[in-house]
Structure formats: structure tokens, C-alpha cells
Amino acid sequence: MPQDARSAWRTTLGQLALALGLALALGFAVGEPWPVLTVAALGVVAWHYWKLRRLLLRLTARQRLAPPVGDGVWNQVDRLLYRSQNEVRARKRRLIEMLRAYRAATAALPDAIVVVERNSQRILWFNEAGTRLLGLRHPRDLGAALGDRLQPLPIAHWLAAGRHAEPLLDAPSPVSPELRLSLRLIPYSDELWLLVARDVSKLMRLEQMRRDFVANVSHELRTPLTVVHGYLDMLDPAEQPDWAPMLTEMQRQSQRMTQLVEDLLTLSRLEAQEALPEETVSMASMLSTLKREAEALSQRRHSIAIEDAAGVDLWGSTKELHSAFSNLVSNAIRYTPAGGSIHIRFVSERDGGVSLAVEDTGYGIPAAHLPRITERFYRVSTSRSRESGGTGLGLSIVKHVLNLHQARLEIESEVGRGSRFACRFGRERIRARDRVPYPEEHA
Ligand code: ADP
């Protein structure tokens with residue numbers, strides 16, 4: 001027992017002994033010791049009850065009562081109670097302050113935050129931005145199914161993917177289609193997910209402006225370039241020996257500029273499209289076209305082989321897929337020295353999909369460049385790309401075309417040994433080939 005409690009206990013026992021001793025002495029003095037002692041004992045009991053009542057009052061009081069003074073056990077109990085009540089009040093106040101600060105912080109957050117129960121996908125909580133960006137209403141939407149509430153958003157299969165869901169980078173808000181959102185799902189415990197929605201309207205507008213600008217500039221450049229290119233083509237270097245080297249270089253550069261403008265326009269067009277017109281892409285004729293083009297580009301400097309092991313067709317845009325594949329084939333030929341070999345393989349993959357791979361035995365690409373190789377104008381060696389007539393946009397076009405087919409580009413490369421660019425298509429892109437191709441079509 002602590003010192004305070006022990007001394008209070010002693011004081012109370014002392015007081016009791018004193019009261020009873022005095023009562024006994026008084027009893028003997030008046031000749032009635034037992035009745036006087038009984039009355040005194042009853043008085044002690046009454047006093048204890050009165051103290052108990054005060055304690056009860058303190059426990060039930062709404063306002064704060066002043067701490068008691070005195071040193072008996074009851075006063076000590078009362079004081080301890082007063083102290084613990086004060087501590088509880090202070091802790092509660094601190095908690096409320098923290099909660100207020102937390103609520104103010106979530107209210108100030110520009111991003112919508114929704115806490116979702118994982119199994120039922122029901123909304124447990126959301127912040128103010130949840131109302132502004134996602135149109136959720138307090139308290140109506142608490143407990144509602146997230147998928148139902150955000151119906152116009154294409155998030156059903158995204159929610160189903162759960163932990164493996166890729167962030168949605170640009171989706172229209174249910175509040176207004178003008179409002180563009182980027183959404184991500186963050187599992188933060190076994191049962192709870194956090195849906196975070198960010199307003200990316202401004203970013204998207206800027207992106208759109210950039211796209212429009214590039215498209216407009218390319219478009220505006222096209223006509224004057226066609227005129228210059230046309231006139232330059234009419235001039236025959238053989239007829240102007242003095243000007244011949246200059247004319248040849250001018251023709252080469254204007255050809256390059258025209259190609260650049262065409263590639264920029266292709267990219268702008270692909271970026272502006274959400275989906276392409278789709279059809280069955282006959283892979284047998286695609287492969288034979290690729291082979292013809294490769295041979296024309298190579299001029300017998302490389303050995304070219306085609307393998308059509310998948311034996312299926314694809315579902316997609318023949319024109320765009322052809323542009324992507326022929327970009328890969330042209331790269332393979334341009335970045336492979338004479339004497340090298342190029343393999344174009346159309347094969348089935350273990351996951352049920354198919355891939356079209358272009359393999360070469362060329363210069364290869366250092367590993368450090370691979371992550372950025374599909375960016376516009378990114379080149380490993382600018383001089384080599386220029387020399388080979390590249391625009392630096394080929395792989396960007398390939399990536400865009402594949403994205404529009406939910407396919408991906410896999411690149412493996414080793415410097416000095418060669419590269420492998422594989423376009424991987426999911427099984428949903430496969431169509432049975434209804435006609436056995438003529439041997440010469442894919443040989
Ligand atoms: P470019 O028009 O310059 O060829 P691409 O976008 O097609 O532009 O390719 C980007 C860069 O990737 C090229 O400049 C080249 O350095 C590298 N590259 C592409 N394909 C190959 C390949 N098959 N072998 C080696 N390097 C390649």
C-alpha cells in the first residue's frame with residue numbers, strides 16, 4: 001500500500017478507536033456503557049454511509065466537484081477518484097483533439113478516400129472529397145456497395161481483381177464526365193481496402209493540349225513539306241553535277257522530315273483512339289507480307305526466316321498491327337549488320353496466348369537503355385539511328401498499337417549478340433484459322 005493510503009487507513013482506524021474509546025468512557029461515566037457504545041457505533045456507521053453517499057455523488061455528478069480535504073480513508077478514496085477522473089477527462093480531451101485534427105486533415109485532402117470492406121465491397125467511410133469527386137452522400141452511402149454507387153465508372157472487374165488491380169489512370173467521375181479521375185485501390189489490412197481517387201482533369205487537359213499541339217504542328221508541316229519534297233524530287237542530281245551532293249542530301253533530309261511528320265501523325269491518331277476497328281487478322285498473309293518487306297529492306301544482306309507455329313489468327317486491326325510488326329522488322333534489319341540473320345516467329349505461349357517475336361543477331365541494346373527504349377525519340381545511339389533512317393518514334397508506335405490490343409511488348413537484348421522484340425497477345429485475341437494457308441504464303 002502506498003504511504004498516503006497507509007497513513008489515511010491508520011488515521012481512520014485511530015478515529016474509530018478514539019470514538020469508541022470516548023463512547024465507552026462516557027458510558028462508564030453515566031453508568032450505561034453498552035447503550036452509549038451502541039449509539040456511538042451507530043453514529044460511526046451513519047458517518048460512513050454519509051461519506052459513501054458523497055462518493056456516489058462524485059461518481060454521478062455531471063460537473064466537476066472540488067477535491068476533498070482531510071486525511072481519512074474516505075477522503076483518500078475520494079481524492080484518488082478525483083485524480084483518476086481528471087486523468088480520464090484529459091485523455092478523452094486529447095483523443096477528441098486528435099480526432100478533430102485527423103478529420104480536419106482528411107477534409108482538407110484534395111483526394112477522395114473511401115474505406116471499403118474487402119469481402120462485401122461495402123463503403124465504411126469516406127472523406128469530404130468523396131462527395132465532391134465521386135458523388136458519395138453522407139450518411140446515405142455508408143454501407144452501400146461501392147460498385148453500385150460508382151456505377152458509371154468501369155470498376156467492376158477492377159474491383160474483382162482486388163489486390164492485383166492496376167491503377168485506373170483516367171476515368172470519368174460519376175459526378176460529371178468533365179471531371180477525370182485516377183483511381184487506385186490500396187489494401188491496408190486483411191479486411192479493409194482504401195480507394196483513393198485523384199482529380200487529374202487539369203493534367204488530362206494539359207495532356208490533350210500537348211497532343212493537339214503535336215498533331216496540329218505535324219499537320220501544318222505536312223503540306224509545305226510535300227511541296228518542297230515534290231520539287232526536290234523533280235530535280236535530278238545527275239543533270240546538275242555541281243549540285244549533285246547537295247541535292248542528294250536535301251532529298252534525303254526532306255524524306256526524313258516527311259517520315260517524321262507521318263510518324264508523329266500516326267502517334268497522335270493512335271493516342272486519340274480508345275479502341276480500333278477490329279476484324280480477324282489473317283496471320284498467314286501478315287507473315288508473308290512481313291517477309292516480303294524484310295527482304296526488300298535487307299537487299300539480300302541478311303538471312304530472313306519465318307516460323308508460323310501458332311497456326312491461329314488474331315483479332316484486331318490488320319492495318320495497325322501490320323504497322324507495329326513491320327516497325328520491329330525494319331528495326332531488326334536496320335540494327336543488324338550485313339551477314340546477320342532475322343527470325344520472325346509466331347508462336348503459342350504457355351499461358352494460352354500467342355506472341356509474334358522478331359529476333360535478330362544485331363548490335364543489341366545495353367540493359368540500361370531497355371526501360372526507356374519505347375519513349376518517343378529515345379535512341380541508344382542517335383548517329384546510328386539517323387544513319388539508318390530512323391525517326392525515333394517506331395517503338396512508341398509499336399507500344400501504342402499493342403496497348404490498343406491489350407498486348408505487351410517484351411524486349412530481350414544483349415550487346416553484340418542481338419535482340420528479341422516479342423508482342424504478347426492474350427488468349428482473348430486468338431481466332432481459329434479457318435483456312436489452311438498455301439505453303440508459299442508462310443514458307
Ligand atoms: P528509330 O527510328 O531510331 O529506330 P525506334 O523507336 O524504332 O526508333 O527505336 C528506338 C531505339 O531503339 C533505336 O534508336 C535503337 O537504338 C534501338 N533499337 C530498336 N530496335 C533495335 C534492334 N532490333 N536492335 C538494336 N537496337 C534497336
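Treat the numbers as computed from the prediction; the structure is a model and nothing was measured. For ligands, and for the atoms within them, numbers begin at 1 and follow the listed sequence.
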Chi angles and distances behind the salt bridge (charged side-chain N to carboxylate O under 4.0 Å, His left out) call for Glu295, Arg292: CA-CA 5 Å; Glu295 279 163 352; Arg292 261 201 318 277; over 6 Å; no
So do the side chains of [X] and [Y] get within less than 4.5 Å of each other, counting heavy atoms only?
X	Y	result
Asn119	Glu117	yes
Leu181	Val200	no
Trp193	Gln121	yes

What protein heavy atom sits nearest [atom], and how far off is it?
atom	answer
atom 3 (O) of ligand 1	Ser385 OG, 2.5 Å
atom 4 (O) of ligand 1	Tyr335 OH, 2.7 Å
atom 23 (N) of ligand 1	Asp360 OD2, 2.8 Å
atom 26 (N) of ligand 1	Ile365 CG1, 3.3 Å

Would you kindly specify which portion of [X] sits under 4.0 Å from ligand 1, judged on non-hydrogen atoms: side chain, backbone, both or neither?
X	value
Tyr363	neither
Arg334	side chain
Leu395	both
Val358	neither

Parallel, tilted or perpendicular: ring planes of His138 versus Phe126, cut at 30 and 60 degrees: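 His138 vs Phe126 ring planes: tilted.
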Polar side chain donor-acceptor pair, Asp313 to Thr280, under 3.5 angstrom: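 Thr280 and Asp313 do not have a side-chain donor-acceptor pair below 3.5 Å.
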Does an N or O anywhere in [X] fall below 3.5 Å from an N or O of ligand 1?
X	result
Thr391	yes
Asn331	yes
Ile373	no
Val380	yes

Candidates Thr106, Leu192, Leu194 - the one meeting side chain to side chain contact (heavy atoms under 4.5 Å, CB included) with Trp125: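 Answer to the side chain to side chain contact (heavy atoms under 4.5 Å, CB included) test with Trp125 among Thr106, Leu192, Leu194: Thr106.
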Numbered atoms of ligand 1 (with element) below 4.0 Å of [X], judged on heavy atoms:
X	result
Gly390	1 (P), 2 (O)
Gly394	5 (P), 6 (O), 7 (O)
Arg379	3 (O), 14 (O)

Thr391 vs Gln259, side-chain hydrogen bond (donor to acceptor under 3.5 Å, both in side chains): CA-CA, chis, key distance, verdict: CA-CA 7 Å; Thr391 58; Gln259 190 55 49; 5.9 Å; no
Shortest reach to atom 11 (C) of ligand 1 by a heavy atom, considering only Tyr378, Phe377, Phe421: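 Looking at heavy atoms only, the winner is Tyr378.
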Residue-ligand contact Gly392/ligand 1, heavy atom below 4.0 Å: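 Within the 4.0 Å threshold, so yes.
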Distance (rounded to the nearest 0.5 Å) between Leu179 CG and Met204 CE: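 One gets 12.0 Å once the value is rounded to the nearest 0.5 Å.
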Under 3.5 Å donor-acceptor, Thr131 side chain and Gly135 backbone: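 No; judged by distance alone, with no hydrogens or angles, the pair does not exist.
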Residues, nucleotides or ligands: over 12 heavy atoms within 6.0 Å of Arg269 CZ: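 Check passes, neighbour count above 12.
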